[in-house]
Number of protein chains: 2
Amino acid sequence: MALAAASPKTMSQQSAALLRLRELLLKGAFTAGTRLAEIPLAKRLQVSRTPLRLALVALEHEGLVQEHPTRGYVVRQILRKDIFETIEIRGMLEGMAARLAVERADREFLGLGNLRRSVNAIEIALKTIDTDTAGAFNTYIEQNQLFHQHLIALAGSQTLAREIDRITGRPFAAPSSGFISAQVDLPRSRHVLRMGHDQHVAIVEALERREAARVETLMREHARLARLNLEIALDENVRTASVPMLRLIRNGEAA
Amino acid sequence: MALAAASPKTMSQQSAALLRLRELLLKGAFTAGTRLAEIPLAKRLQVSRTPLRLALVALEHEGLVQEHPTRGYVVRQILRKDIFETIEIRGMLEGMAARLAVERADREFLGLGNLRRSVNAIEIALKTIDTDTAGAFNTYIEQNQLFHQHLIALAGSQTLAREIDRITGRPFAAPSSGFISAQVDLPRSRHVLRMGHDQHVAIVEALERREAARVETLMREHARLARLNLEIALDENVRTASVPMLRLIRNGEAA
DNA sequence: ATGTCTCGAATTGTATGCAGTTTGCAATCA
DNA sequence: TGATTGCAAACTGCATACAATTCGAGACAT
């Protein structure tokens, strides 16, 4: 076999399976609860069953699939509740990161420049939001991601960074370009961008002043924008055709 | 203890490998950085390489082992810094759990009885701490674990419970019987028990009064006792013979 | 003596065969 | 008609063989 045509370098089959399967899951290619039969899935991903198995174990720890008691793995269903809680957890962790950044007295915030750059870029983009809505959204998503990355780096905690990474990978836990840009047309979503920007400004200010408790609270609240976004999307019935991942969401209790 | 999730009847080879290897790692059977060669390890764990591999993937996500870029897995080294950060994260998450417990207005805290029972049991045990030190320690460890479990259950968040479980499984992130009981003879450690108990009392009180912010802060601080414990152990040079896991800890930066 | 290159042994990553279960279907019975 | 049981197909979990890499030892050149 070894038809590694698609991979640029020599990527292990396991990584290939992991990446491709994760992408499929996040794209919502399966409905919640679907059994992931190994043989057809292996064929689809162009790997054999062994590396696929390894990928499934990894994805279980990422919370995207679930071990079926008697039979392999199934696509994990995502309850709204789960998403909201995950967002809240992300807020806690990023809040902690912001606090740690302040508490590290050793560095003189050399990294604040990066944060300011992102904030400025968003500020400029937002001025043209009515004429170039898509562009403003794209800039926001891009620079927002950088903002968060830099802030987490400032915390100087490898451990925390890892955890945030894990959480952020969960569906809808953090703004993803595919999801957000589906909402470009909604006025309410535009307003969310402005709110996010204003929060960024406040966060940078709090960091400058070394206001640890404040910046922690601000980051927590900032994370909750993801919740607001999701609620808007569900309210407005964003067509699931453009965001098939939405189909994974269930309202009620666990089924 | 969802970490011990396994079917009692037919334990899969994978679960067996996972449990036994985790135990070995947490016992400090390997020094940090040791390469985990598959063939001898498989022999030692009485499983074949395939399930062992799956267990290693799982353990990587738990943070106990690390993938070597070119060659299998190595035992992850634990920096003091990592431990302290992990403890802090646990405090954040448990604080969130306590807050959620308060915020859930639907239940009338039916579970507070469990918490009170644990608190009372510890209270009684502490009265005999000078005559039956070991017994008091054991009771504390046992009931403390229950206390935390019940509190987390009160939060009613499966997602959060999972994350806390993950974090708690990390070495030294939470009081473990093997570690704590090695400190029975230290007066400072006895004092830590009393502090922990006093905090439990305050936590229950805050829950009763539905003081969300207070209980969150209390839980955070409560987690930091684990840090204090570790520092005492390192200060007093608790013999690594009795807690070989201590050998995994390194002080400096990543090596 | 030090550094580099080559070759061999050992180890990992992958594929696949096999056995034990589970599931779905169908036939039988109430 | 509905439920139950038995059977066959399919699938998972595991072990192992095979191939591709990597590491180390030793020789050779500088």
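FYI, side chains are in, hydrogens and waters are out, and symmetry mates aren't considered; it's all heavy atoms of this structure. Here is the naming used below: chain letters follow the sequence lines, and residue numbers restart at 1 for every chain. None of the values given here were measured: they were computed from a predicted structure.
Counting non-hydrogen atoms under 4.0 angstrom, A/L56 reaches nothing in the nucleic acid.
Listed nucleotides: D/dC23, C/dT14, C/dT12. Nearest to the side chain of B/T70: D/dC23. When each of C/dT23, D/dC14, C/dA15 is scored by its nearest atom to the side-chain atoms of B/P51, the top-ranked nucleotide is D/dC14. Picking from D/dA15, C/dT23, C/dT12 the nucleotide with the shortest atom distance to the side chain of B/R35 gives C/dT12.
Put simply, CD on B/E67 is 12 Å from P on C/dT12, counting in whole angstrom units. The CZ-P distance, from A/R49 to C/dC18, rounds to 13 Å in whole Å. A straight line from CD1 of A/I39 to C1' of D/dG13 spans 12 Å, rounded to a whole angstrom. Atom CD of A/Q13 and atom P of D/dC18 are 20 Å apart (whole Å). For the pair A/L54 CG and C/dG13 P, the interatomic distance rounds to 9 Å; values are reported in whole Å. Atom OH of B/Y73 is separated from atom P of C/dG13 by 7 Å (rounded to the nearest Å). For B/E38 and D/dC14, the CD to P distance is 15 Å, given to the nearest whole Å. D/dA9 atom P lies 15 Å from atom CZ of A/R71, rounded to whole Å.
The CD atom of A/E88 sits 4.5 Å away from the CZ atom of B/R99 when rounded to the nearest 0.5 Å.
Of the side-chain N and O atoms in A/S48, one or more sit less than 4.0 angstrom from OP1 or OP2 of C/dA15. In this model, the phosphate group of D/dG13 is approached by a side-chain N or O of A/R53 to a distance below 4.0 Å at OP1 or OP2.
Ion pair A/E23/A/R20 not flagged as a salt bridge, since none of the NZ, NE, NH1 or NH2 atoms sits closer than 4.0 Å to an Asp/Glu carboxylate oxygen.
Each of B/T50 and B/P40 has a nearest nucleotide on DNA chain C; the 5'-most of these lies closest to B/P40.
Nearest heavy-atom pair across B/E38 and B/L52 is O-CD2, 3.5 Å. Taking each heavy atom of B/R220 and B/G91 in turn, the nearest pair found is CG-O, 3.6 Å.
Side chain of A/R35 to main chain of A/Y73: no donor-acceptor pair is present (N/O by atom type, distance under 3.5 Å, no hydrogens or angles).
Side-chain to base pairing of A/S12 with C/dT14: no donor and acceptor N or O lie closer than 3.5 Å to each other.
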